[in-house]
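The residues of the chain are indexed from 1 along the displayed sequence. For clarity, every value in this text was computed on a predicted model and none was experimentally measured. The analysis underlying the following values was restricted to heavy atoms, covering all of them including side chains, and did not include hydrogens, waters or symmetry mates.
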Amino acid sequence: MTMPRPEDTAAVEAAITSRRSIRAFLPTPVPRETVERILDVASRAPSGTNTQPWKVHVLTGAAKERLSRAVRAAYDDPAERARHTEEYAYYPTQWVSPYVDRRRKVGWDLYGLLGIGKADKARMHEQHGRNYAFFDAPVGLIFTIDRVMQQGSWLDYGMFLQNVMVAARARGLDTCPQAAFTQFHRVIERELVLPPSEMVVCGMSLGYADPDAPENRLVTEREPVCGFARFHD
């Protein structure tokens, strides 16, 4: 067995540990061949019996703007927004500690960087709405899966998504995975002309982080290994 070189190990670890959810991007274009290579690398993710359940819709230019406008219109209209619900449960129906505590902390840490107070509902609405512009990233990704696939394939899908984000970091690019798009899956289905057999999993922004944006200073905390792992000898 060939042992990895220390510099190779360091490069892999740097790509993983430097991944963050970026919420403000530069307009710098990302070449199509770069996106294709990222997806090609990511497709090496494992999947049960090599089913490879992932499908990716890559949006740039006018196509991205059309989708963003359509989703944002539904989001900004309270009556229309109420008619849109998530097709699958991403979050628990009952929040308990420590998960609810982590959720609240990351939310208020982000709003604190942006100077958004707890009573400022208008600015909260606007900040959340930036999801639907892919945070101004030049590339928007919508991930879908065939409805016939079951829970195991969703686990496989998570590994593919992580590969996309790590492969992007290896090229100096940043991402933001976005469950926010799932509420408006019917709008996305219409705009992308998805077949009835195809289900929206999530969205993702891809591009170069804006180094001057305050929201990009957010670095979320992680539980130490001793807090989530048990070693059985």
Side-chain angles (χ1 to χ4, degrees), residues 14-30 59-60 64-82 84-86 90-142 161-162 164-166 168-169 172-184 187-188 202-224 227:
I16 294 171
T17 58
S18 66
R19 186 217 63 80
R20 293 183 295 130
S21 291
I22 293 300
R23 295 177 175 86
F25 290 83
L26 297 172
T28 309
V30 179
L59 302 169
T60 59
K64 181 173 74 73
E65 294 304 317
R66 280 195 302 271
L67 179 69
S68 292
R69 282 196 303 270
V71 176
R72 185 62 196 255
Y75 170 73
D76 282 336
D77 183 333
E80 178 67 14
R81 184 170 68 249
H84 292 271
T85 57
E86 292 83 357
Y90 185 93
Y91 293 109
T93 55
Q94 181 180 358
W95 285 94
V96 298
S97 201
Y99 313 112
V100 67
D101 309 307
R102 294 169 182 163
R103 185 190 197 198
R104 287 171 178 162
K105 178 171 173 36
V106 72
W108 293 122
D109 284 352
L110 174 61
Y111 288 158
L113 289 169
L114 293 169
I116 300 175
K118 291 186 177 182
D120 197 342
K121 302 300 184 183
R123 288 193 65 195
M124 289 181 189
H125 177 86
E126 183 59 31
Q127 176 59 31
H128 186 75
R130 284 183 46 71
N131 273 283
Y132 308 122
F134 295 96
F135 297 111
D136 298 325
V139 180
L141 305 170
I142 296 292
L161 292 170
Q162 173 73 357
V164 171
M165 293 183 280
V166 172
R169 284 302 303 135
L173 290 157
D174 284 285
T175 55
C176 185
Q178 296 163 270
F181 278 101
T182 61
Q183 179 180 359
F184 300 101
V187 178
I188 295 169
C202 67
M204 185 182 292
S205 303
L206 172 68
Y208 294 95
D210 181 349
D212 299 322
E215 56 265 53
N216 288 343
R217 296 200 300 268
L218 178 65
V219 179
T220 53
E221 298 175 356
R222 289 296 185 271
E223 186 79 4

Worksheet entry | Nearest atoms (heavy-atom pairs only) where Arg20 meets Val219 | CD-CG2, 3.8 Å
Counting only pairs under 3.5 Å, give me each side-chain donor-acceptor contact of residues 203-213, with atom names and distances, residues two or more places apart or in other chains.
{"from": "Ser205", "atom 1": "OG", "to": "Phe134", "atom 2": "O", "distance (Å)": "3.1"}
{"from": "Ser205", "atom 1": "OG", "to": "Gln178", "atom 2": "OE1", "distance (Å)": "2.7"}
{"from": "Asp210", "atom 1": "OD1", "to": "Asp212", "atom 2": "N", "distance (Å)": "3.0"}

Practice prompt. Return the orientation label for the Tyr111 and Trp108 ring planes: parallel under 30°, perpendicular over 60°, tilted otherwise.
Written response: perpendicular
Item to complete: Check side-chain hydrogen bond (donor to acceptor under 3.5 Å, both in side chains) between Asp76 and all other residues, then give those that pass, not counting sequence neighbours.
Response: Arg72, His125
Fill in: Contacts of Ser18 that satisfy side-chain hydrogen bond (donor to acceptor under 3.5 Å, both in side chains) - sequence neighbours left out
Arg169
Fill in: Separation between CG of Leu110 and CE of Met124, rounded to the nearest 0.5 Å
10.5 Å
Worksheet entry | Any side-chain heavy-atom pair of Asn131 and Val71 under 4.5 Å | no
Discussion item. Rounded to the nearest 0.5 Å, what separates atom CG in Asp174 from atom CE in Met165?
Written reply: 11.5 Å
Worksheet item: Heavy-atom distance under 4.5 Å between the side chains of Pro214 and Leu114, does that happen here?
Response: yes
Worksheet item: Counting distance only, does the side-chain N/O of Thr182 pair as donor-acceptor with the main-chain N or O of Cys202 below 3.5 Å?
Response: no
Item to complete: Anything under 30° is parallel, anything over 60° is perpendicular, the rest tilted; go ahead and classify Tyr75 against Phe184.
Response: perpendicular
Discussion item. Using every non-hydrogen atom in the two residues, find where Val139 and Lys64 come nearest and quote the distance to one decimal.
Written reply: C-CD, 4.2 Å
Worksheet item: For Asp101, which residues count as a side-chain hydrogen bond (donor to acceptor under 3.5 Å, both in side chains) partner, sequence neighbours excluded?
Response: Ser97
Fill in: Side-chain heavy-atom pair Phe135, Ile22 within 4.5 angstrom cut-off
no
Worksheet item: Looking only at heavy atoms, which two atoms of Lys118 and Lys121 are closest? And how far apart?
Response: O-NZ, 3.9 Å
Worksheet item: If you draw a 6.0 Å radius around CZ in Arg102, do more than 12 non-hydrogen atoms from other residues or ligands fall strictly inside?
Response: yes
Item to complete: Would you mind reporting whether Pro27 and Pro138 have side-chain heavy atoms less than 4.5 Å apart?
Response: no
Discussion item. Tell me the closest heavy-atom pair linking Arg130 and Ala24, and the distance in Å.
Written reply: NH2-CA, 4.0 Å
Practice prompt. Verify the neighbour count for atom CD of Glu221: are there more than 12 heavy atoms of other residues, nucleotides or ligands below 6.0 Å?
Written response: no
Worksheet entry | Set of side-chain hydrogen bond (donor to acceptor under 3.5 Å, both in side chains) partners for Thr220, sequence neighbours left out | Arg222
Worksheet item: Are the side chain of Arg123 and the backbone of Gly115 linked by a donor-acceptor contact shorter than 3.5 Å?
Response: yes
Worksheet item: Does Glu80 have any salt bridge (charged side-chain N to carboxylate O under 4.0 Å, His left out) partners at least two apart in sequence or in another chain, and if so, which?
Response: Arg83
Response to the item:
In this structure, OG1 of Thr175 is separated from CG of Leu141 (nearest 0.5 Å) by 9.0 Å
